[in-house]
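This report refers to the structure that appears directly beneath it.
Both backbone and side-chain heavy atoms feed into the values below; hydrogens, waters and symmetry mates do not.
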Amino acid sequence: MNILVTGANGYIGQALCGKLTQDGYRLVAAVRHNTGPHIAGQLKQVIVGDINSNNNWQDALRGVDIVIHLAAHVQDTKERNADHQLLKFRQTNVAGTMNLAQQAAHAGVKRFIYISSVKVHGESTPHKHPFNEQQLPAPVSPYGISKLETETSLQKLSIKEHMTVVIIRPPLVYGPGLNGNFNMILQAVARGIPLPLGAIHNHRSLVALDNLIDLIITCIRHPAAANQVFLVSDGEDMSTPDIVKKIALAMERKARFIDVPKVLLEAFFILVGKKMTIYRLTRNLQVDIAKAKTLLNWTPPISVDEGLRHCVEGMAPIETDSLLIRVFDISLAI
């Protein structure tokens with residue numbers, strides 16, 4: 001079976017390609033730029049540049065049975081105007097994805113697996129009321145809006161074409177070699193830097209990279225996955241301090257906290273223009289994975305403890321100055 005993976009040189013893409021190769025699949029690796037031969041198991045590499053409505057996917061799709069679409073425009077930290085942000089997200093995430101999906105359907109692709117985001121549901125959940133697939137989505141961010149618009153367009157396309165669509169909505173994905181703000185949490189714990197999280201009592205769903213990849217591969221062949229939407233997580237919800245404690249345990253270190261009252265922490269971040277940042281730090285975001293468990297008979301293959309051990313073992317390096325400057329902005333990771 002031939003599989004086209006977009007974003008094949010990205011964080012999820014490289015790990016997914018490695019596992020697909022181990023499982024005997026033949027890969028077409030679609031990348032934005034030529035990154036060399038390190039993508040595991042590629043049948044061929046196709047350089048597509050920026051994904052938009054003008055890409056010609058004919059060569060990449062030749063002989064392909066399954067498309068796994070990972071590539072996306074995620075964020076633009078320099079663009080502050082929400083309308084301009086949404087326009088950029090729509091160019092790649094909506095128009096670019098639908099251009100690929102329409103060409104895939106015409107090329108005879110049997111299944112299109114789209115990696116969406118939990119953000120189509122919103123930014124937070126009430127206590128003990130996790131998101132589920134039956135709820136009406138309510139995205140807040142331009143990114144979440146663009147992902148939902150893409151989902152809706154793909155579902156309409158699947159009705160008209162002989163190509164099934166599978167949509168997967170992950171929360172934060174973590175694993176070995178992860179850069180960005182989650183890596184700063186790891187580095188802060190490793191260096192014994194106290195974090196202002198001791199008074200936070202929330203519940204968060206995360207998904208280990210291995211667990212997400214396992215669900216994606218399950219959706220390649222499982223007949224019950226056709227034209228379905230799935231939320232995914234490790235199935236173990238934790239508070240932000242508990243996540244830090246588990247990281248510390250994996251490092252055989254002690255977690256250090258400063259007990260800053262939630263109301264003061266939120267007030268400070270809102271004052272400095274980081275409202276969504278503090279909400280990601282202090283509020284709940286839980287997902288219910290009962291549908292994937294029941295319909296696909298799927299269970300996350302590794303636990304949070306094991307996933308965090310892998311994450312710790314594969315920690316990406318970070319400069320000390322950068323860590324000290326940004327340690328109080330770690331909430332973007334959760």
Does a donor on one side chain sit under 3.5 Å from an acceptor on the other, for [X] and [Y]?
X      : Y      : answer
Asn202 : Arg283 : no
Gln91  : Asn52  : no
Thr282 : Glu266 : yes
Ser116 : Glu151 : yes
Ser53  : Asn99  : no

Item to check | From CA spacing to verdict: side-chain contact (heavy atoms from CB on, under 4.5 Å), Val28, Ile3 | outcome: CA-CA 6 Å; Val28 178; Ile3 298 179; over 6 Å; no

Next on the checklist: Does Glu123 form a salt bridge (charged side-chain N to carboxylate O under 4.0 Å, His left out) with Lys119? I'd like the steps, not just the answer.
Outcome noted: CA-CA 6 Å; Glu123 299 292 330; Lys119 289 182 178 291; 3.0 Å; yes

Which heavy atom in [X] sits nearest to a heavy atom in [Y], and how many Å separate them?
X      : Y      : answer
Ile302 : Gly307 : CD1-CA, 3.7 Å
Ile51  : Ala71  : CD1-CB, 3.4 Å
Val207 : Pro171 : CG1-CD, 3.9 Å
Phe131 : Ser124 : CZ-O, 3.3 Å
Val94  : Ser146 : CG2-O, 3.4 Å
Ile220 : Tyr25  : CG2-OH, 4.0 Å

Rounded distance (nearest 0.5 Å) linking atom [atom1] of [X] with atom [atom2] of [Y]:
X      : Y      : atom1 : atom2 : value
Ile217 : Ile68  : CD1   : CD1   : 7.5 Å
Leu16  : Asp210 : CG    : CG    : 11.5 Å
His162 : His106 : NE2   : NE2   : 11.0 Å
Thr21  : Arg26  : OG1   : CZ    : 11.5 Å
Met238 : Asp234 : CE    : CG    : 7.0 Å
Ile193 : Ile258 : CD1   : CD1   : 10.5 Å

Answer whether the closest heavy-atom distance between the side chains of [X] and [Y] falls below 4.5 Å.
X      : Y      : result
Ile289 : Phe230 : no
Lys128 : Asn284 : no
Leu61  : Val109 : yes
Leu178 : Asn183 : no
Leu20  : Ile213 : no
Thr150 : Phe89  : no
Asn56  : Gln103 : yes
Leu86  : Tyr143 : no

Are [X] and [Y] connected in the hydrophobic side-chain network, where two residues link if heavy atoms are under 4.5 Å apart?
X      : Y      : result
Leu285 : Val304 : yes
Val140 : Val287 : no
Leu87  : Met98  : no
Ile159 : Leu148 : no
Leu157 : Val165 : yes

Checklist outcome for this item: From the list Lys147, Arg169, His69, side-chain hydrogen bond (donor to acceptor under 3.5 Å, both in side chains) partner of Tyr114 resolves to Lys147

Can you check whether [Y]'s main-chain N or O pairs, donor with acceptor, with [X]'s side chain at less than 3.5 Å?
X      : Y      : value
Arg309 : Leu249 : no
Lys254 : Lys245 : no
Asn9   : Val31  : no

Next on the checklist: Can you tell whether the side chains of Asp23 and Lys19 come within less than 4.0 Å, N to carboxylate O?
Outcome noted: yes

Item to check | Residues in salt bridge (Lys or Arg N to Asp or Glu O under 4.0 Å) contact with Glu149, at least two apart in sequence or another chain | outcome: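 For Glu149, the residues satisfying salt bridge (Lys or Arg N to Asp or Glu O under 4.0 Å) (neighbours in sequence not counted) are Arg90.
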
Item to check | Verdict with supporting geometry, Ile168 and Ile216, side-chain contact (heavy atoms from CB on, under 4.5 Å) | outcome: CA-CA 8 Å; Ile168 299 175; Ile216 293 172; 3.8 Å; yes

Next on the checklist: Within a 6.0 Å radius of atom CD on Gln134, are there more than 12 heavy atoms belonging to other residues, nucleotides or ligands?
Outcome noted: yes

Next on the checklist: Atom CG of residue position Asn297 - does it have more than 12 heavy atoms of other residues, nucleotides or ligands inside 6.0 Å?
Outcome noted: no

Checklist entry - Can you say whether the rings of His203 and His127 are parallel (under 30°), tilted (30 to 60°) or perpendicular (over 60°)? => result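 Tilted: the ring planes of His203 and His127 meet at 30° to 60°.
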
Checklist entry - Yes or no on side-chain contact (heavy atoms from CB on, under 4.5 Å) for Leu197 and Val244, after CA distance, side-chain angles and deciding distance? => result CA-CA 9 Å; Leu197 308 173; Val244 174; 4.0 Å; yes

Item to check | Evaluation steps, salt bridge (charged side-chain N to carboxylate O under 4.0 Å, His left out), between Arg32 and Asp50 | outcome: CA-CA 6 Å; Arg32 185 179 179 186; Asp50 294 332; 2.6 Å; yes

Next on the checklist: Applying side-chain contact (heavy atoms from CB on, under 4.5 Å) to Glu133 and Gln228, what does each step give before you reach the verdict?
Outcome noted: CA-CA 9 Å; Glu133 296 87 351; Gln228 297 293 332; over 6 Å; no

Next on the checklist: Could you go through Asp59 and Lys44, starting from their C-alpha distance and side-chain angles, then the distance that decides it, and tell me whether this counts as salt bridge (charged side-chain N to carboxylate O under 4.0 Å, His left out)?
Outcome noted: CA-CA 10 Å; Asp59 180 55; Lys44 63 180 178 180; 3.6 Å; yes

